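Heads up, the thing below is written out as structure tokens.
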Amino acid sequence: MKMYLNIGAAVLLSAMALTACGCDARPTNSRPTSDTSSSIVINTISEPNSSSSTSDVQANAPVRSDKIVSENMTIAAAETLTVKSGETLYIQDGAEFTVDGTVNCERGGSIKIQSGGNLLLNGKMTLDGSLELGGFLGIREKGEINGAGLLTVLKSFEDINCEGTCLTKIKAPDPVEKDGVTYVGGVLIVNKKYSVPEDYGAELGLVIDDAYNTLLQMREDTGYSLPLVSGYRSYELQTELFDYYCEIDDYDRVVMYSARPGHSEHQTGLAMDIGELSENYVNTEEGGWLTDNCYKYGFIIRFPKGSEHKTGYDYEPWHIRWLGKSTAKLVYDSGLTLEEFLGVEPA
């Protein structure tokens with residue numbers, strides 16, 4: 001049974017708890033005065049580890065100490081907040097938890113961003129425990145998450161805006177199929193296992209606008225020509241290409257460099273072949289730049305070198321896949337293929 005503290009006790013214990021971890025706690029007034037520059041509220045809950053009622057719990061029974069951020073709070077640049085083993089830090093609906101300093105979540109500790117809650121990271125988080133994302137996580141340009149813990153995305157990767165660095169392991173939501181198309185955390189997945197309907201993408205034309213406009217921006221920023229060799233391909237065109245390759249090459253070889261109809265990312269309008277359709281493209285100045293930098297613009301190299309058994313396809317330094325800047329940065333930081341990042345099988 002949770003025992004909520006009265007307002008006076010909550011403020012006193014909040015100040016004591018934050019002072020102990022290096023934080024300067026001051027209660028929030030509804031109308032800030034001249035000597036109130038920040039809003040810091042952490043309410044502490046003591047909850048028995050047993051499901052028994054309070055009267056049944058022995059005096060020496062172990063308890064779990066949880067913290068709740070129910071209003072806006074800032075961890076200043078010189079401050080450190082530690083979530084210890086057995087503790088949970090809840091960021092509630094409507095609360096904005098800004099970290100300019102440091103948060104350490106120890107192994108066995110957890111942070112839960114509830115729906116409507118916000119964690120804005122300008123500083124550093126060491127995550128050796130768990131972070132459960134049901135709200136919003138903003139990793140600003142200088143923000144960094146590292147550690148041996150696990151960040152679990154409950155809904156969508158759109159709930160993360162990553163401008164900084166995320167080096168901790170990420171667990172994606174389970175795949176969801178809608179109208180014959182499979183999404184993982186809002187990311188459309190197409191490979192040898194997952195397909196799209198025959199009529200999917202008929203209205204796309206070249207490629208989706210965001211991807212094509214970003215290609216134009218890359219050309220402008222770099223001065224490279226970055227020619228678009230292939231963008232959207234219909235089911236019918238993919239059928240023609242695949243059948244042609246099977247006429248001139250062994251089937252087992254064809255399926256390593258050409259997708260079966262309905263299983264091509266090109267049909268989604270999210271994939272583009274850029275530059276030269278040769279592995280040597282990566283050795284050119286332009287191709288090398290694309291490999292090293294396309295993530296900054298929202299793309300990934302979809303079939304990386306040495307990952308054939310993970311993606312099901314040969315290395316293609318020319319094939320880029322649009323994910324958007326934040327998700328592309330997360331995939332790049334992970335060092336994983338898209339299949340590994342999303343936790344899905346290639347075939």
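Fair warning: this is a prediction, and the values are worked out from it, not measured in the lab.
- Lys67 is listed as a side-chain neighbour of Glu87, based on a closest heavy-atom distance under 4.5 Å.
- Within the 4.5 Å cutoff, the side chain of Arg233 has heavy atoms near those of the Ser264 side chain.
- Between Leu188 and Thr182 there is no side-chain heavy-atom pair separated by less than 4.5 Å.
- Between Trp322 and Phe299, the ring-plane angle classifies as perpendicular under the 30° and 60° cut-offs.
- No side-chain heavy atom of Asn161 sits less than 4.5 Å from a side-chain heavy atom of Ile139.
- With contacts defined as side-chain heavy-atom distances shorter than 4.5 Å, the pair Leu131/Met125 qualifies.
- In this structure, the ring of Tyr251 has its center no less than 6.0 angstrom from the ring center of Tyr245.
- The pair Glu339-Arg302 counts as a salt bridge, with a side-chain nitrogen and a carboxylate oxygen less than 4.0 angstrom apart.
- Ring pair Phe341/Phe157: centre-to-centre distance below 6.0 Å.
- Classification of Asp100 and Lys142 as a salt-bridged pair fails, no side-chain N sitting under 4.0 Å from a carboxylate O.
- Looking only at side-chain heavy atoms (C-beta outward), Glu106 and Asp128 stay at 4.5 Å or farther from each other.
- Between Glu345 and Tyr194, the closest side-chain pair of non-hydrogen atoms is not below 4.5 Å.
- A tilted orientation is assigned to the rings of Phe303 and His319, their planes being inclined by 30° to 60°.
- Side-chain atoms of His266 never come within 3.5 Å of backbone atoms of Tyr232 as a donor-acceptor pair (strictly under, hydrogens ignored).
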